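FYI, side chains are in, hydrogens and waters are out, and symmetry mates aren't considered; it's all heavy atoms of this structure. Per chain, numbering begins at 1; letters A, B, ... match sequence-line order. Everything quoted here is computed from the prediction, not taken from an experiment.
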Amino acid sequence: MIEIKGLTKKYGQFTALDNLNLTLNEGTVFGFVGANGAGKSTTFLIISTLLQPTSGEVFINGVSVREKPSEIRKLIGYMPDFFGVYDQLKAEEYLDFYGASYGIPEEERKKLIPQLLELVNLSHKRDSYVDLLSRGMKQRLCLARSLIHDPKVLILDEPASGLDPRARVEMRDILKTLKGMGKTILISSHILPELAEMCDEIGVIDNGKLIAHGSVAEIQKKLQGEKVITVRLLDRVDETIAFFEEQPYVSSIEKLDGGDGISFMYRGTEEEQLGMLKEAMLADMPIVSFMEHVTNLEDVFMEITKGAEA
Amino acid sequence: MNFNNPVLFKELKLRFRSFKGFNGILFFLLAMCIFVFGYIFLTVNISGTSYFRPSQSFVLFAFLSYIQLGLVLFTAPGLTAGSISSEREKQTLPILLTTSQSSFQIISGKMLSSVAFLLLLIVAGLPVYSLVFLFGGISPWSFVKVFFFLFVTLLAIGSIGVMFSTLIRRTIVSMIVTYGTMLFLSVVTGFLFIIVIQMKAFNQMGTVITTPSYLGQFLASINPAVLFATFLSPDMGYGISELTKVDFPIWAGYLIFYGLLTVGALFIAVKRLRVNMKRLK
């Protein structure tokens, strides 16, 4: 469905996107993860025919973005990270304008617009002026706008940014509905746990390079070789630190902020971890709790990008 | 032109949804009425006669024509020089550019909506303008000529505004450049024409000037004020031909130059609105 081959974008000496290769099947929800300036928006701008690449190609349904940009525009629905709205235009008129811009006949638009407003929970705002809507409502309206021509691919650049928690949940629910409709969705976000919930695949981009790509589980597995263990203690913290320092596979021991425990990195297997815990109990260490951190996507992202920087 | 133009309809709708559009027409018509009726009132009272002579009617026509020209020259840049750059500043342009509309549709929609508003101003002023016919002295042909060339000027200045708005990111800079271009075409070319003719006369002092001055003729041909002067006083046209020794009607030169300028400016705007995806950068 979407094939990105060797996509590169340079601004003078600065490389915003470095030889990006990616293939996504139809119906995939792909989460693009990366810090500000990592290259997410640049990729989306090129796919949306708004930015020339320095080299490389993007194909959607076999159609080249460079060769047939007008064909591509019919296939995609694009929602930028920052966008404005026209003053003194009502929500219904806003969608009608974009419907007409995609060449949808007036009769069809009249049927379509109420359905789209319903989908994004804005039916009650159809006669409201767009510039007076809340940020969350504008985001949802823009999403409805990107759907007006029933595109096969949705490109959503930070759709949840700047939204309050309720608006985020509403946006996430709408995206789940769209996923259910079989749309291929490319979505970028800083809120990684949100992406994990709805994405089939995740791509981590850093300094213009795709440094990890796969399912959420696959990417999490990449970090399973090293985990963080937190040990809470009743007392004798220094003695316990000395004990764990002698253990194999243990590194980076630190006291917890409250001084009532320690945390360290551990590289051993689960059996070796069990053995170490047994030994600690036999040595009468005052352990209250022994906790392995569940690595969430934020940790994954931080770890992967740390490695890339090094 | 594609009349099923979403940008054009949206722009027209938004323009007349605010009071700005109506206020513009109201104040323009008020100014026209005060000027025309004031002129007639004063002329009749000062001359002490109870009638209005055709020659005075002609003066009124000349004044009104220049007022309309001034309106076009000073309003068209303001209406068009922000057409694309303001979309860029409001962050609505990327979304517009990802729709199926062609670049020509977007540019023509922006251009026509601005031109249509200015045309409405001119047409709304027609009843006041046509008062000059009541007193004679003006041929309908002069009237048609003036209006046709007002329209040509309007299209050209509008196209220049849209072009700079597409090329320049910021509206304020685009406005300055468009007004600068308009002032060059309407004022600087006049001065340059005088300088060129004077220099020619100086160089050939004491002899009869026989060699043609194509540059002088060109500068006269692209100046809207000179063109209108030749309409209002045909002798002026002959006078310019005498000075430049080029026997080519000013109006034809004007039509060709501004026609090409309009097409060229719109072509550049259409080509530069979207990035060229085929060309690697």
Side-chain angles (χ1 to χ4, degrees), chain A residues 8-11 44-58 64-90 93-94 96-106 129-131 142 145-146 148-149 151 155 157, chain B residues 2-23 82-110 112-113 117 166 169-171 270-281:
Chain A
T8 302
K9 178 67 190 176
K10 288 183 181 176
Y11 297 98
F44 284 179
L45 285 171
I46 294 172
I47 300 174
S48 308
T49 75
L50 292 169
L51 188 69
Q52 289 166 293
T54 305
S55 63
E57 254 297 9
V58 181
S64 162
V65 167
R66 279 183 46 218
E67 294 300 320
K68 292 184 176 169
S70 53
E71 290 292 310
I72 293 292
R73 286 179 204 122
K74 291 174 192 160
L75 292 172
I76 61 160
Y78 172 61
M79 181 173 163
D81 48 354
F82 299 105
F83 62 90
V85 290
Y86 298 109
D87 300 341
Q88 303 201 327
L89 202 62
K90 293 175 183 175
E93 293 169 338
Y94 178 82
D96 189 65
F97 165 62
Y98 285 104
S101 297
Y102 281 105
I104 301 167
E106 194 177 352
Y129 285 106
V130 179
D131 53 322
C142 189
R145 191 267 317 150
S146 66
I148 196 139
H149 57 302
I155 298 167
D157 198 356
Chain B
N2 189 347
F3 286 100
N4 184 19
N5 190 318
V7 171
L8 174 62
F9 290 139
K10 189 260 298 169
E11 291 287 320
L12 290 177
K13 188 188 281 182
L14 292 188
R15 197 176 291 281
F16 288 101
R17 191 159 271 178
S18 69
F19 275 105
K20 259 192 321 194
F22 294 103
N23 287 343
S83 53
I84 300 295
S85 52
S86 67
E87 290 256 2
R88 203 179 280 123
E89 284 167 347
K90 282 195 287 183
Q91 297 180 316
T92 48
L93 190 62
I95 295 175
L96 191 61
L97 295 183
T98 51
T99 65
S100 302
Q101 285 191 93
S102 66
S103 299
F104 178 75
Q105 254 183 312
I106 296 171
I107 292 290
S108 62
K110 286 284 180 186
L112 287 177
S113 66
F117 179 68
T166 310
R169 297 191 74 81
R170 292 184 59 205
T171 300
V270 168
K271 279 285 164 197
R272 295 294 297 272
L273 181 65
R274 283 186 166 109
V275 294
N276 182 359
M277 293 299 287
K278 284 184 183 172
R279 191 162 55 89
L280 292 171
K281 194 175 179 184

Winner by heavy-atom pair count (cut-off under 4.5 Å) against chain A, out of B:Arg17, B:Glu89, B:Gln101, B:Lys90: B:Arg17
Output the option from B:Leu97, B:Ile95, B:Leu14 having the highest count of non-hydrogen pairs under 4.5 Å with chain A.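 Option with the greatest count: B:Ile95.
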Verdict with supporting geometry, A:Tyr86 and B:Leu96, side-chain contact (heavy atoms from CB on, under 4.5 Å): CA-CA 11 Å; A:Tyr86 298 109; B:Leu96 191 61; 4.2 Å; yes
Answer whether the closest heavy-atom distance between the side chains of A:Thr49 and B:Arg274 falls below 4.5 Å. no
Heavy atoms, side chains only, cut-off 4.5 Å: are A:Phe97 and B:Thr99 in contact?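 They are not in side-chain contact.
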Just jot down the salt bridge (Lys or Arg N to Asp or Glu O under 4.0 Å) partners of B:Glu87, sequence neighbours excluded, or say none. B:Lys10, B:Lys110
Which residues pass the salt bridge (Lys or Arg N to Asp or Glu O under 4.0 Å) test with A:Glu71, sequence neighbours left out?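 Partners of A:Glu71 by the salt bridge (Lys or Arg N to Asp or Glu O under 4.0 Å) criterion, ordered by chain and then number, come out as A:Lys74.
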Residues, nucleotides or ligands: over 12 heavy atoms within 6.0 Å of B:Phe16 CZ: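 Check passes, neighbour count above 12.
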May I ask you to name which of A:Leu89, A:Val85, A:Asp87 has the most heavy-atom pairs under 4.5 Å with chain B? A:Leu89
When only pairs under 4.5 Å are counted, which of A:Ser101, A:Gly84, A:Ser146 shares the most heavy-atom pairs with chain B?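 Among A:Ser101, A:Gly84, A:Ser146, the one with the most close pairs to chain B is A:Ser101.
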If I measure from the heavy atoms of chain B, does [X] come under 4.5 Å with its side chain, its backbone, both, or neither?
X        : value
A:Ser70  : neither
A:Leu51  : backbone
A:Tyr102 : both

From B:Thr98 atom OG1 to A:Ile72 atom CD1, the distance as rounded to the nearest 0.5 Å: 12.5 Å
Out of curiosity, B:Met277 CE to A:Lys68 NZ, how far, rounded to the nearest 0.5 Å?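 Here the rounded value is 15.0 Å.
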